[in-house]
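One structure is given below, encoded as C-alpha cells.
In this text the structure is predicted, and so the values were computed from the model without any measurement.
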Amino acid sequence: MFNKKMLTDLDDKGKKVLVRVDFNVPLKDGKVGDDTRIKAALPTINYLLENGAAVILCSHLGRPKGVADPAFSLKPVADYLGGMVNAPVKFAEDCIGEKAEEAVKTLKVGEVLVLENTRFHKEEKKNDPGMAKALALLADLYVNDAFGSAHRAHASTTGVAEYLPAAAGFLLQKEIQYLGNAIAEPQRPFVAILGGAKVSDKIGVIENLLTKADNILIGGGMANTFFKAQGYEMSDSLVEDEVVDTAKALMEKPGGKLMLPVDVAIADAFDADANAKTMDSGDVPEGWRVLDIGPKTVEAFASVIKDAGTVVWNGPMGVFEFPKFAQGTFGVAKAVADSKAVSIIGGGDSVAAINQSGLEAKITHVSTGGGASLEMLEGKELPGLSALNDK
Ligand code: AMP
C-alpha cells in the first residue's frame, strides 16, 4: 500500500542527500527539552551514513516570523545530534545561499550537516519555487522523513521534491503505514478516542471516522459543545457556540457510535487549585465549568477500549496540566495500554500523557505528528507524501 519510492530505492553512495527531518523539538534554556523527534530520525540518518552518503539535514523549529531569530536556531539540535550519531555533525548558519553552499562544498561522505531553520525565510511557508530550487542546489537526492510536517506544502517539504529525485525516509513510511492501515483495514472493533480543547479542529476527523470507526469516544473540552447541542446549560465551560449546530448534525449522522461522557469533573475556577466535584452529565451549576471526564465515563470508555481491535487516540480527556483534572486522561491512557488492540496515539498532549504515565512501551505506535496524523484521520492526502516519486 506504500507506493512511494523509499530511500532504499535510491543510489545514494557517494551522493549528497538532503533530508527533511522534523527537528521541531521543544527547547528549554537553549537546550533540547525532548529528543523524541531526533531519535525518530536516526534510522534514516544512520542508514545514509552507513551507505556512504553525505547527509544534509533541514527542518523548521517553532514559529519564527520568516526572519532569522536566535531563539529558534537549530544549532542546539545539531549539537545534541552530535552526541547521538557516530559521525561528525556540522552546522550551517543558513539553509540556503552562500553559507549553506560553502558548508556543503566541504561536506564529505560519512558526515552530517545540519542547516539552520528553514522558517528563517518567509519563502519556506509560501512554498516559493526560488527557495525550493536553492535547497535542491545543495544536494543530489532528496529524502522526506518529516512526518510531523508532511501535512504542510512548504518549500522544504514539497517544493524541493520537484527538482531532485525524491523518496521517503523510514519514519515517514512507518507513520503512514501504521495510520494508513489502521484507517483502511482496521481490526475491529475500531475505536477512536478524541479529546482536546476544540471540536472545530476535529469536525472533519469526526465526519470521516463516522464512516470508518465502530465507536467514537468524545472527551475533553470538545465534549462540552456536544453537551450544549443536547440542550445542557454549560455555565463557564469552554463551548464553541459557532459549531453547536454542526455538533448536533454530527450526532444525528448515521455511522459509528458517538459516545459522550456520562459524568464529568467540574471546577469552580479554571485553576489547578480550584474546588472540584463530579456530577452526571447535565446542566452545569452557575459559576462552574467542566474540566475533565468523570470516573464512570473512564469505566465506560475503558470497557469499549478493552474489547477493541484497533484504537486511535488524539487529544486529552481534560485539562490534564492540572493534576486534579488529569484522572480522565490518565485513566484512558491506562485503558489503551492495557488493551490488546493495535493502538496508535497522536497529538502532543496525548503523547505527553502516555509518556508521563510511563506506558508508552505498551502502545503499538506513538506518532511524532499531531497535525499530520489528524489530517490522515480526516482522510486527507498529505502533500509531503504526494510530492515524492512513485515507486
Ligand atoms: P488540543 O490542542 O486541541 O489537543 O487541546 C489540548 C488542550 O485541551 C489541553 O491543553 C487541555 O488542557 C485542553 N482541554 C482539555 N479538556 C478541556 C476542558 N474540559 N476545558 C478546557 N480545556 C480543555
[X] atom [atom1]: more than 12 heavy-atom contacts under 6.0 Å:
X	atom1	answer
Gln327	CD	no
Lys391	NZ	yes
Glu242	CD	yes
Glu93	CD	no
Glu101	CD	yes

Lys/Arg-Asp/Glu bridge criterion (N-O < 4.0 Å) met for [X], [Y]:
X	Y	answer
Asp292	Lys324	no
Lys90	Glu111	yes
Lys5	Asp390	no

Within the distance-only criterion (no hydrogens, no angle test), does the side chain of [X] pair as donor or acceptor with the backbone N or O of [Y] below 3.5 angstrom?
X	Y	result
Asn208	Gly204	no
Ser339	Ala335	no
Glu360	Val366	no
Lys15	Asp11	yes
Asp140	Lys16	yes
Ser237	Met234	yes
Lys4	Leu388	yes
Glu233	Pro285	no
Asn275	Asp268	no
Thr329	Pro316	no

- Please walk me through it: do Leu42 and Leu81 pass side-chain contact (heavy atoms from CB on, under 4.5 Å)? CA-CA 9 Å; Leu42 290 178; Leu81 182 68; 3.9 Å; yes
Cluster question for you: counting only ILVMFWY and a side-chain heavy-atom cut-off of under 4.5 Å, with indirect links fine, are [X] and [Y] together?
X	Y	result
Leu209	Val304	no
Ile96	Val17	yes
Leu171	Ile345	no
Val290	Phe322	no
Val55	Leu7	yes

Can you tell me how far [atom2] of [Y] sits from [atom1] of [X], rounded to the nearest 0.5 angstrom?
X	Y	atom1	atom2	answer
Cys95	Met131	SG	CE	4.0 Å
Thr225	Lys228	OG1	NZ	8.5 Å
Ile216	Leu260	CD1	CG	10.5 Å
Ile305	Trp313	CD1	CH2	8.0 Å
Gln230	Met251	CD	CE	4.5 Å
His151	Ser373	NE2	OG	8.5 Å

So which atom in [X] and which in [Y] form the shortest heavy-atom distance, rounded to 0.1 Å?
X	Y	result
Val112	Ala87	CG2-CB, 4.5 Å
Phe320	Ala326	O-CB, 3.5 Å
Leu10	Ala167	CD1-CB, 3.8 Å
Ala139	Leu164	O-CD2, 3.4 Å
Thr368	Asp22	O-OD2, 4.0 Å
Arg20	Asn144	O-OD1, 3.6 Å

Does [X] reach the side chain of [Y], with side-chain heavy atoms less than 4.5 Å apart?
X	Y	value
Glu102	Thr106	no
Phe226	Leu258	yes
Leu27	Leu61	yes
Thr278	Lys296	no
Phe190	Val312	yes
Lys13	Asn51	no
Phe330	Met317	no
Met279	Trp288	no

- Query: Passes side-chain contact (heavy atoms from CB on, under 4.5 Å), Thr36 versus Val351? Steps please.
  - Reply: CA-CA 11 Å; Thr36 310; Val351 172; 6.0 Å; no
- Please identify each residue that fulfils side chain to side chain donor-acceptor pair (under 3.5 Å) with Glu299, with sequence neighbours left out.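 Checked Glu299 against side chain to side chain donor-acceptor pair (under 3.5 Å); zero matches.
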- Message: According to side chain to side chain donor-acceptor pair (under 3.5 Å), who are the partners of Thr297, at least two apart in sequence or on a separate chain?
- Response: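 With neighbours one apart ignored, the set is Asp263.
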- Message: Using the side chain to side chain contact (heavy atoms under 4.5 Å, CB included) definition, which of the options Leu138, Leu115, Asn117, Val160 pairs with Cys58?
- Response: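 The passing option is Leu115.
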- Message: With side chain to side chain contact (heavy atoms under 4.5 Å, CB included) as the test, pick out the partner of Leu179 among Ile344, Leu382, Leu374.
- Response: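 With Leu179 as partner, Ile344, Leu382, Leu374 yield a single side chain to side chain contact (heavy atoms under 4.5 Å, CB included), made by Ile344.
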- Query: Which pairs, with at least one residue in residues 252-261 and sequence neighbours excluded, count as a side-chain hydrogen bond (donor to acceptor under 3.5 Å, both in side chains)?
  - Reply: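 Passing the test, one end in residues 252-261: no pairs.
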- Ring geometry between Phe170 and Tyr47 (parallel below 30°, tilted from 30 to 60°, perpendicular above 60°):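 Correct class here is perpendicular.
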- Give the intermediate values and the outcome of side-chain contact (heavy atoms from CB on, under 4.5 Å) for residues Arg188 and Asp214. CA-CA 8 Å; Arg188 295 195 179 269; Asp214 298 294; 3.0 Å; yes
- Task: Assess whether side-chain contact (heavy atoms from CB on, under 4.5 Å) is satisfied between Val85 and Asn46, documenting all intermediate values.
- Result: CA-CA 7 Å; Val85 293; Asn46 286 329; 3.9 Å; yes
- For Glu124 and Ser156, does a side-chain donor sit closer than 3.5 Å to a side-chain acceptor?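 There is such a pair between these side chains.
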- Message: Walk me through whether Phe120 and Phe72 qualify under ring pair (Phe, Tyr, Trp, His ring centres under 6.0 Å).
- Response: CA-CA 9 Å; Phe120 283 2; Phe72 298 105; 7.5 Å; no
